[in-house]
Q: 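Mind looking over this structure? Questions follow.
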Amino acid sequence: SFRVMLKIRCSALGKIMTNSRSKSEVLSKTCKTYLQELAIEEMYGIKKEFSSRYTDKGNIVEREAIDLAQENLDFGFMYKNEEHFNNDYLTGTPDVNTDSILLDVKSSYDGTTFPWFATEIPNKDYYFQLMGYMALCNKRKSILAYCLINTPSEIVEDEVRRAHWSSHLIDESEELRAEVEAKHNFDHIPAEKRIKTFDIKYDKDVVKAIYDRIKECREYYKTLIDENR
């Protein structure tokens with residue numbers, strides 16, 4: 001029998017919290033697509049893998065990003081949290097969860113995607129993700145930290161190849177290589193300029209909206225599973 005008590009990963013909350021374009025539908029297309037992927041995994045064991053050079057970089061440099069946050073924010077010792085949290089609705093593993101801080105790091109892929117001047121969170125999905133973590137970890141405030149960490153050399157080499165390929169260059173151009181490397185190396189920028197933080201405060205109304213939406217997701221998810229019994 002299938003688990004109908006669906007729980008949603010905090011990192012996927014942005015997908016289910018998108019608003020439907022249609023007046024008659026509660027759940028958005030993005031939300032339904034995500035629930036269909038979960039149903040396929042539940043029924044047939046086929047898991048949609050989401051990985052890319054962006055997520056690869058994030059995983060490889062995560063410790064460095066946490067170190068950068070520790071050096072530049074005044075919250076004492078930070079270490080990578082390995083504990084997985086669950087409640088009736090949510091599951092998740094925040095990057096850092098100490099007595100003094102709940103923090104999640106996002107490593108920008110290159111120097112052009114870092115939110116240099118942003119005053120609000122550039123990606124609303126991360127707002128919901130941190131709201132979920134606060135609900136799970138019983139915290140009243142949290143920090144989203146965008147970090148600019150040098151891209152690992154193997155990924156930079158891929159980017160150099162990709163740039164040559166799109167410019168139809170067979171022989172290496174030193175100029176093009178230098179241009180690509182400059183987008184991925186930040187040693188010349190002071191550490192405190194390579195981290196940008198956004199404070200997120202717990203909001204019980206938002207958490208309630210998340211839980212209500214998950215209840216609606218469960219109804220839809222159940223219909224997907226039932227159709228295939």
Side-chain angles (χ1 to χ4, degrees), residues 9-12 14-15 37 47-84 92-98 101-127 129-130 133 142-198 200:
R9 297 207 327 269
C10 290
S11 57
K15 289 184 179 146
E37 287 162 6
K47 191 178 166 69
K48 189 176 166 79
E49 279 307 327
F50 173 72
S51 80
S52 64
R53 52 201 154 128
Y54 310 110
T55 55
D56 289 346
K57 172 175 176 174
N59 293 332
I60 299 167
V61 304
E62 190 175 39
R63 301 276 167 149
E64 273 183 82
I66 291 170
D67 291 345
L68 182 72
Q70 179 180 300
E71 285 160 31
N72 290 279
L73 308 176
D74 208 10
F75 291 102
F77 180 61
M78 289 185 192
Y79 50 89
K80 166 88 183 111
N81 164 57
E82 303 289 356
E83 191 181 344
H84 190 69
T93 313
D95 291 336
V96 173
N97 180 39
T98 65
I101 189 65
L102 177 72
L103 174 130
D104 215 58
V105 292
K106 301 296 174 194
S107 293
S108 294
Y109 186 64
D110 67 29
T112 68
T113 57
F114 184 72
W116 298 98
F117 301 113
T119 50
E120 288 180 11
I121 297 175
N123 185 335
K124 190 79 197 251
D125 292 2
Y126 298 151
Y127 170 80
Q129 183 175 4
L130 274 117
Y133 288 152
S142 61
I143 289 181
L144 175 66
Y146 281 81
C147 296
L148 202 49
I149 305 288
N150 290 350
T151 303
S153 57
E154 64 271 27
I155 296 178
V156 177
E157 287 308 312
D158 279 346
E159 287 295 352
V160 169
R161 275 196 295 276
R162 198 178 265 117
H164 280 75
W165 185 76
S166 12
S167 308
H168 309 293
L169 292 172
I170 292 163
D171 298 323
E172 173 152 327
S173 145
E174 282 183 25
E175 199 181 332
L176 188 55
R177 169 177 281 278
E179 197 181 299
V180 172
E181 287 177 348
K183 270 192 201 165
H184 289 278
N185 183 291
F186 317 108
D187 291 340
H188 58 297
I189 301 172
E192 69 276 7
K193 293 259 195 297
R194 291 191 285 113
I195 181 166
K196 175 101 183 173
T197 60
F198 298 92
I200 302 175

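Basis for what follows: all heavy atoms, side chains included, without hydrogens, waters or symmetry-related copies.
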Q: When you measure from the side chain of Ser107 to the backbone N and O of Glu62, does any donor-acceptor pair fall under 3.5 Å?
A: no

Q: Rounded to the nearest 0.5 Å, how far does CG of Leu130 lie from CG of Asp95?
A: 9.0 Å

Q: Within a reach of under 6.0 Å around CD of Glu154, are more than 12 heavy atoms found that belong to other residues, nucleotides or ligands?
A: yes

Q: Which heavy atom in Tyr146 sits nearest to a heavy atom in Phe114, and how many Å separate them?
A: O-CE1, 3.5 Å

Q: Taking all non-hydrogen atoms of both residues into account, name the closest pair between Leu148 and Leu68 and its distance.
A: N-CD2, 4.4 Å

Q: Are the side chain of Lys196 and the backbone N or O of Ala118 linked by a donor-acceptor pair below 3.5 Å?
A: yes

Q: Applying side-chain contact (heavy atoms from CB on, under 4.5 Å) between Ile149 and each of Val61, Ile195, Val105, report the one that passes.
A: Val61

Q: Taking all non-hydrogen atoms of both residues into account, name the closest pair between Thr93 and Tyr133 and its distance.
A: O-OH, 3.5 Å

Q: Which heavy atom of Tyr126 sits nearest to which heavy atom of Ile200, and what is that distance?
A: O-CD1, 4.3 Å

Q: Val160 vs His164, test: side chain to side chain contact (heavy atoms under 4.5 Å, CB included). Steps then yes/no.
A: CA-CA 6 Å; Val160 169; His164 280 75; 3.7 Å; yes

Q: Are Thr98 and Tyr79 close enough that some pair of their side-chain heavy atoms sits under 4.5 Å apart?
A: yes

Q: Once you round to the nearest 0.5 Å, how far does NE2 of His188 lie from NZ of Lys193?
A: 12.5 Å

Q: I'd like to know if the side chain of Asn185 reaches the main chain of Glu181, judged simply by a donor and an acceptor atom lying under 3.5 Å from each other, with no hydrogens or angles considered.
A: no

Q: Would you please test Arg177 and Glu157 for salt bridge (charged side-chain N to carboxylate O under 4.0 Å, His left out) and show each step?
A: CA-CA 9 Å; Arg177 169 177 281 278; Glu157 287 308 312; 2.9 Å; yes

Q: Supply the atom-to-atom distance Asn150 CG to Arg194 CZ, rounded to the nearest 0.5 angstrom.
A: 6.5 Å

Q: Examine distances only and state if a side-chain atom of Asp110 and a backbone atom of Lys183 form a donor-acceptor pair shorter than 3.5 Å.
A: no

Q: Would the number of heavy atoms belonging to other residues, nucleotides or ligands and lying under 6.0 Å from NZ of Lys80 be above 12?
A: yes

Q: The criterion is side-chain contact (heavy atoms from CB on, under 4.5 Å); which residues satisfy it with Gln70, sequence neighbours excluded?
A: Phe77, Met78

Q: Given side chains that start at C-beta, do those of Ile143 and Phe75 come closer than 4.5 Å, heavy atoms only?
A: yes

Q: Looking at residues at least two apart in the chain, or sitting in another chain, which of them share a side-chain contact (heavy atoms from CB on, under 4.5 Å) with Glu71?
A: Asp67

Q: When you measure from the side chain of Asn81 to the backbone of Asn97, do you find a donor-acceptor pair of N or O atoms at a distance under 3.5 Å?
A: no

Q: Hey, does Glu192 have a side-chain heavy atom less than 4.5 Å from the side chain of Pro190?
A: yes

Q: Assess the residue pair Arg53 and Glu159 against the criterion (side chain to side chain contact (heavy atoms under 4.5 Å, CB included)); give the C-alpha distance rounded to whole Å, side-chain angles, the decisive distance to 0.1 Å, and a yes or no.
A: CA-CA 10 Å; Arg53 52 201 154 128; Glu159 287 295 352; 2.5 Å; yes

Q: Where is the tightest heavy-atom contact between Ser51 and Thr55, given as atom of each residue plus distance?
A: CA-OG1, 3.3 Å

Q: Could you tell me the separation between the CG atom of Asp104 and the OG atom of Ser11, rounded to the nearest 0.5 Å?
A: 9.0 Å

Q: For Pro115 and Ser108, which heavy atoms make the closest approach, and how far apart are they?
A: CD-OG, 4.0 Å

Q: Nearest 0.5 Å, please: how far is CG in Asp158 from OG in Ser153?
A: 10.0 Å

Q: Is the shortest side-chain heavy-atom distance between Leu103 and Leu73 below 4.5 Å?
A: yes

